[in-house]
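Heads up, the thing below is written out as structure tokens.
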Number of protein chains: 2
Amino acid sequence: MNTSRAKAPAGVNLPALRHHNAALVLDLLRAAGAEGISRLELAERTGLTPQAVSKITARLRAEGLAVGAGLRPSTGGKPRTVLRLVPDAQFAVGLHLDRDGLTAVLVDLAGRSVAVTTAPLDFGAPAEKVLADAADAVRDLSAAEPHKPVLGVGVAVPGPLDHRDGVLHRVTGFPQWDGYPLRDALAERTGLPVTVDKDTNAAALTLSLSEPPGDFAYLHLGTGLGAGLVLGGEVHRGARTGAGEFGHQTLQLDGPLCECGGRGCIEALCLAAEARGDRAEAARVLGAGAANLVGLLDIDRVVLGGRTVAADEDAYVRGVRAVIEERAARGGGGGGVVVTVAGGGDRPVAEGAAQLVLAPVFGRVGERG
Amino acid sequence: MNTSRAKAPAGVNLPALRHHNAALVLDLLRAAGAEGISRLELAERTGLTPQAVSKITARLRAEGLAVGAGLRPSTGGKPRTVLRLVPDAQFAVGLHLDRDGLTAVLVDLAGRSVAVTTAPLDFGAPAEKVLADAADAVRDLSAAEPHKPVLGVGVAVPGPLDHRDGVLHRVTGFPQWDGYPLRDALAERTGLPVTVDKDTNAAALTLSLSEPPGDFAYLHLGTGLGAGLVLGGEVHRGARTGAGEFGHQTLQLDGPLCECGGRGCIEALCLAAEARGDRAEAARVLGAGAANLVGLLDIDRVVLGGRTVAADEDAYVRGVRAVIEERAARGGGGGGVVVTVAGGGDRPVAEGAAQLVLAPVFGRVGERG
DNA sequence: TCCACTTAAGCAACGCTGTTGCCAAAGTGC
DNA sequence: GCACTTTGGCAACAGCGTTGCTTAAGTGGA
């Protein structure tokens, strides 16, 4: 069962402290982007003394991860030196294995894709075949930056899996993947560390970098309906990496039959409304589920995405927002919740897969849930 | 809005490290109870070296927080010395302000109530009157252990509030509390640090100490229906301390009217079934909501409590379990989820209020959500 | 009864962390 | 040109957990 907390050796010694503070500074440098950030601002944000920040940034500069980037205007004294991340110091590969295609990206420390490959993929083919294609994509992309280290490979897949050991489970319609140790198999083929996660979690991870701080849920409405949760700056995966099962929540007791065998699942209701052209009703249904989620977790934002939403973003945003605001007005929680659509890159899932690898570098361990 | 993450000075210096490790060891000592735990076990659990644990425990003993408690049987060498927490080294006061009564407890470090007072309370009286009663209860209880330090006062109240600044909001039916700065007002009267939280969160906090590790939700079914969430060992409160709004989730689109003004709220459905004597249906409805929650968060356990559940624990446990297991069998998530009833003390809310004060001592900061 | 062996726990020296006190560098503005 | 402000590095330091070693306190076989 969930052993993540029970076994967590939470004791902190000096190397762990050093690593934590360095990662924290790196995270702030990343957030500052090309604009950069000064040592004193870093000190203020971290709560460390300016001198400690100087030492930490000196080490980061020696490792080639940070660099000076000009001066701020003086405010009456010596102007502040601005520091910024060196995005191409290290890279990570992100793979998105979908039912019909493979997308692979090489991502730099700033989160930008510097190389992309896409290819058709038969997810129903034998696992070894799919794995060989994936490994080829990793090899090709790594060659794009031959002299820079590639930290690892992140893989996003549609189905249920265990994020901790990287083993797939019961991928709907693809029984050959049940119990397949994807992480270890790909790690052996590529010689790189591999991290595996659900596609919705990867998308949520990408969003967590561009979204303002605070908790949010990413609701993905495409051929199905799923969710990725970001709580406290980290993706919430739950005990068995099963969190975000949003589509089969009951929204209509004893309602119409869903293909999962249940009744009144939000996914069935929402997609049925969409299929008969009643987009307002689809948005209202989605909004009811979103409002349930907002009330339960008291998050700051709801972010919508997926092909079905993209077809009419405005209708969905307005519909969902209306339900949430109406419930907030009744005192059901969720006042001030913001509803938006996922902007960001055009390959958010593959980029999020790469972020699975980069997250530890910036202190977003993600081992908690 | 949610500034908890943006402003969090996450930098760690040596005093912070020392405090963290000491709190971690204290937490393990508390978990070990009267039985105690050896230095080497502490080292194994924390990931620190035995020598570091020796130094930390030496400091704790010097402060009177830990003490030796006999020897383990030898395994062929020097027997291990067992250490245990000194429960009566420090205390905390917990207050439960309910609609019609006040319960106050003095709790030791082990979480046991060493003194209790209950009194009728008119929550609709002027705030100053209620506050005076509360302050009196605190003073009386503090006198029970005159020579030991009382760390602070934790207060659990029914309504919506902000845990961070301790201000109440829109307590249903009691407009005079809207915007009342309960934390600061009581802190001034008692001269002690005060922490305020929702009653369901306090109950969940108590349970988190006796329950096995892992994430769980406490569902309280009494005159209303609410939830407390424990994720990653800490109570999840959300951006505005509004998390756990479980009763007014929509479970039946366009269903019967709820007193909140919405339609098809789980609370209305569940209580209506209970009112007409259909306990099986009430349990089924509760189970559907619980299954929604389980799927969304992938928690390890669901814990039921409250007067209505207590009236027929077996029916509710079986009913809720049945719905969750049926959905898990369909692939909707939640396999292996355990459904139980809240055991623990007879004053779980007041004791949980006291735990709000004790949590930081054991490194459960709770500032994250 | 003795002695070799095992295991636990403290002492001392150490490396490394962030902190403090101080000073040089690099601007502004009268 | 000089007084002032602000930034940021250097050096010394206190305190953390770690390492190497010693002492304490048991077991068990000869």
Side-chain angles (χ1 to χ4, degrees), chain A residues 8-26 28-29 32 36-63 66-84 363, chain B residues 8-26 28-29 32 36-63 66-84 363:
Chain A
V12 178
N13 55 20
L14 288 170
L17 176 143
R18 170 190 173 136
H19 184 262
H20 171 90
N21 285 341
L24 184 64
V25 169
L26 270 178
L28 291 170
L29 284 170
I37 185 171
S38 73
R39 287 174 180 76
L40 285 164
E41 283 172 283
L42 288 170
E44 207 174 321
R45 299 275 200 99
T46 57
L48 298 173
T49 60
Q51 181 62 10
V53 171
S54 275
K55 286 188 177 182
I56 292 166
T57 54
R59 287 198 297 261
L60 294 178
R61 276 175 11 196
E63 294 169 33
V67 73
L71 303 173
R72 284 271 165 79
S74 167
T75 61
K78 178 175 176 175
R80 299 183 175 184
T81 310
V82 172
L83 301 171
R84 68 168 174 81
Chain B
V12 178
N13 55 20
L14 288 169
L17 177 143
R18 170 190 173 136
H19 184 261
H20 171 91
N21 285 340
L24 184 64
V25 169
L26 270 178
L28 291 170
L29 284 171
I37 184 171
S38 73
R39 286 174 182 77
L40 286 164
E41 283 173 285
L42 288 170
E44 207 175 324
R45 298 276 200 98
T46 57
L48 298 173
T49 60
Q51 182 62 14
V53 171
S54 275
K55 285 190 177 181
I56 292 167
T57 54
R59 287 197 297 261
L60 294 177
R61 278 173 14 197
E63 293 169 34
V67 73
L71 302 174
R72 285 273 163 75
S74 167
T75 62
K78 178 173 175 177
R80 300 183 175 185
T81 310
V82 172
L83 301 171
R84 67 168 176 80

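Lettering of chains follows the sequences in order, A, B, ..., and the numbering in each one begins at 1.
- Contacts between residues 54-62 of chain B and DNA chain D, defined by a heavy-atom separation below 4.0 Å, involve B:Lys55, B:Ile56, B:Arg59, listed by number.
- Annotation: the span from A:Ile37 atom CD1 to A:Leu83 atom CG amounts to 9.0 Å, rounded to 0.5 Å.
- The separation between A:Leu42 atom CG and D:dT7 atom P is 13 Å, rounded to whole Å.
- The stretch residues 66-80 of chain B participates, sequence neighbours left out, in these salt bridge (charged side-chain N to carboxylate O under 4.0 Å, His left out) pairs: B:Glu41-B:Arg72.
- When each of C:dA8, D:dG8, D:dG15 is scored by its nearest atom to the side-chain atoms of B:Arg80, the top-ranked nucleotide is C:dA8.
- Remark: A:Thr81 is in phosphate contact with D:dG8, judged by side-chain N or O atoms under 4.0 Å from OP1 or OP2.
- Taking both residues in full, the closest heavy atoms of B:Ala23 and B:Gly363 are given as CB-N, 3.5 Å, listed atom of the first, atom of the second, then distance.
- Rounded to whole Å, the distance from CG on B:Leu83 to P on C:dA8 is 13 Å.
- Counting all heavy atoms, side chain and backbone alike, A:Arg84 lies closest to A:Gly36 at CB-CA, 4.0 Å.
- Note: CG (B:Leu17) to P (C:dG15) measures 20 Å, nearest angstrom.
- Between the CZ atom of A:Arg18 and the P atom of D:dG17 there is a distance of 18 Å, rounded to whole Å.
- Atom-to-atom, NE2 of A:His19 to P of C:dG18 comes out at 13 Å; the value is rounded to the nearest Å.
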Under 4.0 Å protein heavy-atom contacts per nucleotide of nucleotides 19-30 of chain D, with B for base, S for backbone only and - for none: B----BBBS---
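- The shortest distance between the side-chain N/O atoms of B:Asn13 and the OP1/OP2 oxygens of C:dT17 is not below 4.0 Å.
- A donor-acceptor contact shorter than 3.5 Å is absent between the side chain of A:Asn13 and the backbone of B:Leu48.
- The minimum heavy-atom distance between A:Pro73 and A:Pro79, with the atom names listed, is C-CB, 4.5 Å.
- As rounded to whole Å, 16 Å separates atom P of C:dA25 from atom CZ of A:Arg39.
- Nucleic acid contact for B:Leu14: base, since at least one base atom lies under 4.0 Å from a heavy atom of the residue.
- Listed nucleotides: D:dG17, D:dG8, C:dC16. Nearest to the side chain of B:Leu48: D:dG17.
- Across every non-hydrogen atom of A:Asn21 and B:Val12, the tightest pair is ND2-O, 2.8 Å.
- The line from CG of A:Leu42 to CD1 of A:Ile56 is 9.0 Å long, rounded to the nearest 0.5 Å.
- Of all the heavy atoms in A:Leu60 and A:Val25, the pair that sits closest is CD1-CG1, 3.8 Å.
- Atom CD in A:Glu44 sits roughly 14 Å away from atom C1' in D:dT7 (whole-Å rounding).
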